[in-house]
A.B. asks: 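This structure is in structure tokens; I'll ask about it shortly.
We're numbering straight along the sequence, starting at 1.
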Amino acid sequence: MRRLNLDQLHTFAEVIEAGSFSAAADRLDLSQPAVSLQVRQLEQRLNVRLIERVGKRLKPSSAGLTLLEHARRIDAVVEEALQALSTHAEGIAGEVAIGTGATACIHLLPPMLRTMRKRHPALDIRVSTGNTDDVLAAVTENRLDVGLVTLPAAGRSLHITPVLRDEFVAIGASGAQDWPEEVTPHALAAMPMVAFETGSSTRLLIDEWFLQAGLRVRPVMALGSIEAIKEMVAAGLGYSIVPRMAVSAAHHRRGLRIAALTPELSRTLAIVVRQDKPLAPGLRRVLQALEGLGSAT
């Protein structure tokens, strides 16, 4: 069996892309005779002519075109193998910066981050919080490696992957006596509301839920902290509408009563990363862990 020499194969592809032996030599930091020798040896091994001269530029022969198609796939597979091996040789290390909302940071990410810390202690994962627009801007400008945001989200340079759906619920003080039997927009409209701050993606979704019923609400408070909202509600200062993940654990819903909304309201969280972002082993592991959040909830 005639086995391919990967260096010769790569040199051949570079010659075709560069259009000449001298230009390929510059790219590869080799001498022109060395480049010519590698291509000639590859042709001898395969017993075919791979390159033809058309005017002043080199072009692949019919056999060369066929080999070039395989060469690109071989390069991709080799790169994938090297990435996989690097995790065994050096371990997963480096730094990955994640941006997300405060609710996801408090109630969704901690178990995932704890698992990552145990599996990859040399990997430094840093988390910062902000609204969707802030996180999208930071990912676009490469100040963050990856974002976990509430849809809708858009960006020409971004790859956006929905990962999980999170239902909203109404919360009130556990001792509240005037809680409606069916929690609809009209039932809540007359009650004092403790809301998320204006402009946040969560607030926009909740406002739209009321608008669909022809209502526009005026909260008595608008806060940026999900935990502050829950404390105000538990103190009997009003009701709120929050993502279910914020009250899913028993210790996160103390002093609160929970009710489903009619009609239902939910949000979708999505991973955002630059389309041209190099996926180093550490970042690849973080993306896999974030993608797994959908099946874990």
A.B. asks: What's the spacing between Met232 CE and Met221 CE if we round to 0.5 Å?
C.D. replies: 5.0 Å

A.B. asks: Has Arg244 got a side-chain atom pairing as donor or acceptor with Val169's backbone, closer than 3.5 angstrom?
C.D. replies: no

A.B. asks: Other residues, nucleotides and ligands only: do more than 12 of their heavy atoms fall within 6.0 Å of CD on Glu264?
C.D. replies: no

A.B. asks: Could you state the interatomic distance from CG (Leu65) to CG (Leu50), rounded to the nearest 0.5 Å?
C.D. replies: 10.0 Å

A.B. asks: How long is the span from the CG atom in Leu136 to the OG atom in Ser157, to the nearest 0.5 Å?
C.D. replies: 9.5 Å

A.B. asks: Between Arg253 (side chain) and Ser248 (backbone), is there a donor-acceptor pair under 3.5 Å?
C.D. replies: yes

A.B. asks: Check whether any side-chain N or O of Lys277 sits under 3.5 Å from a backbone N or O of Asp145 as a donor-acceptor pair, and report yes or no.
C.D. replies: no

A.B. asks: Could you tell me if Arg267 and Thr150 have a donor-acceptor pair between their side chains, going purely by distance under 3.5 Å?
C.D. replies: yes

A.B. asks: Can Ser22 and Ser20 be counted as having a side-chain donor-acceptor contact under 3.5 angstrom?
C.D. replies: yes

A.B. asks: side-chain contact (heavy atoms from CB on, under 4.5 Å), that's the test. Do Leu42 and Thr11 meet it? Break it down for me.
C.D. replies: CA-CA 10 Å; Leu42 183 60; Thr11 298; over 6 Å; no

A.B. asks: Is Leu223 linked to Leu205 within one hydrophobic cluster, defined over Ile, Leu, Val, Met, Phe, Trp and Tyr using a side-chain heavy-atom separation of less than 4.5 Å?
C.D. replies: yes

A.B. asks: Sub-3.5 Å donor-acceptor pair from the side chain of Thr100 to the main-chain atoms of Cys105, do we have one?
C.D. replies: no

A.B. asks: In sequence, state the C-alpha distance, the side-chain angles, and the governing distance for Gln288 and Met116, and then conclude on side-chain contact (heavy atoms from CB on, under 4.5 Å).
C.D. replies: CA-CA 11 Å; Gln288 291 170 347; Met116 293 293 289; over 6 Å; no

A.B. asks: Would you indicate whether the side-chain heavy atoms of Gln41 and Asn5 approach each other to under 4.5 Å?
C.D. replies: no

A.B. asks: Looking at Glu141, I want to see if its CD is surrounded by more than 12 non-hydrogen atoms of other residues, nucleotides or ligands under 6.0 Å.
C.D. replies: yes

A.B. asks: Could you see if Val220 belongs to whatever hydrophobic cluster contains Val217? Use Ile, Leu, Val, Met, Phe, Trp, Tyr and a side-chain cutoff under 4.5 Å.
C.D. replies: yes

A.B. asks: Rounded to the nearest 0.5 Å, how far apart are CD1 of Ile171 and OG of Ser240?
C.D. replies: 5.0 Å

A.B. asks: What's the shortest heavy-atom distance between Leu283 and Leu279, and which atoms?
C.D. replies: CD2-CD2, 3.9 Å

A.B. asks: For residues Val96 and Leu109: do they belong to one hydrophobic cluster (side chain heavy atoms under 4.5 Å, members Ile, Leu, Val, Met, Phe, Trp, Tyr)?
C.D. replies: yes

A.B. asks: Begin from the C-alpha positions of Val242 and Phe196 and carry the test side-chain contact (heavy atoms from CB on, under 4.5 Å) through to its verdict.
C.D. replies: CA-CA 9 Å; Val242 300; Phe196 286 89; 4.2 Å; yes

A.B. asks: Given side chains that start at C-beta, do those of Met193 and Leu188 come closer than 4.5 Å, heavy atoms only?
C.D. replies: no

A.B. asks: With the side chain counted from C-beta on, respond yes when Leu158 and Arg274 share a heavy-atom pair under 4.5 Å apart, and no when they do not.
C.D. replies: yes

A.B. asks: Can you list the steps and then say if Leu46 with Leu4 is a side-chain contact (heavy atoms from CB on, under 4.5 Å)?
C.D. replies: CA-CA 9 Å; Leu46 298 176; Leu4 292 173; 3.8 Å; yes

A.B. asks: Compare all side-chain heavy atoms of Phe12 with those of Ile51 and state whether any distance is below 4.5 angstrom.
C.D. replies: yes

A.B. asks: In Å and rounded to the nearest 0.5 Å, what is the OG1 to CG distance from Thr129 to Asp134?
C.D. replies: 9.5 Å

A.B. asks: Please give me the minimum heavy-atom distance between Leu204 and Gly199, naming the atom from each residue.
C.D. replies: CD1-O, 4.2 Å

A.B. asks: Run the salt-bridge test on Glu43 and Arg40 with the 4.0 Å N-O cut-off and return the result as yes or no.
C.D. replies: no

A.B. asks: Would Val163 end up clustered with Leu151 when hydrophobic side chains under 4.5 Å apart are linked, directly or stepwise?
C.D. replies: no

A.B. asks: Would you call Gln38 and Leu28 a side-chain contact if the rule is heavy atoms closer than 4.5 Å?
C.D. replies: no

A.B. asks: When you compare the side chain of Val183 with that of Tyr239, does any pair of heavy atoms fall below 4.5 Å?
C.D. replies: no

A.B. asks: Please report the shortest heavy-atom distance between Pro243 and Phe168, naming the atom on each side.
C.D. replies: N-CD2, 3.6 Å

A.B. asks: Going by the side-chain contact (heavy atoms from CB on, under 4.5 Å) test, name the single residue among Val135, Ile271, Thr132, Val272 that passes it with Leu148.
C.D. replies: Ile271

A.B. asks: Heavy-atom count check: over 12 atoms from other residues, nucleotides or ligands less than 6.0 Å from Arg143 CZ?
C.D. replies: yes

A.B. asks: Are side-chain heavy atoms of Leu108 and Thr103 found at a separation under 4.5 Å?
C.D. replies: no

A.B. asks: Restricting to non-hydrogen atoms, name the atom on Leu6 and the atom on Ile74 that form the minimum distance, rounded to 0.1 Å.
C.D. replies: CD2-CG2, 3.8 Å

A.B. asks: Kindly work out whether a path of hydrophobic side-chain contacts (I/L/V/M/F/W/Y, heavy atoms less than 4.5 Å apart) joins Leu269 to Ile160.
C.D. replies: no

A.B. asks: Are side-chain heavy atoms of Val149 and Ser201 found at a separation under 4.5 Å?
C.D. replies: no

A.B. asks: Please report the shortest heavy-atom distance between His159 and Gln275, naming the atom on each side.
C.D. replies: N-CG, 3.7 Å

A.B. asks: More than 12 heavy atoms of other residues, nucleotides or ligands under 6.0 Å from CZ of Arg119: is that the case?
C.D. replies: no

A.B. asks: Calculate, to the nearest 0.5 Å, the distance between atoms CD1 and CD belonging to Ile226 and Glu231 respectively.
C.D. replies: 11.0 Å

A.B. asks: Can you give me the closest heavy-atom contact between Pro185 and Pro263, atom names plus distance?
C.D. replies: CD-CD, 4.0 Å

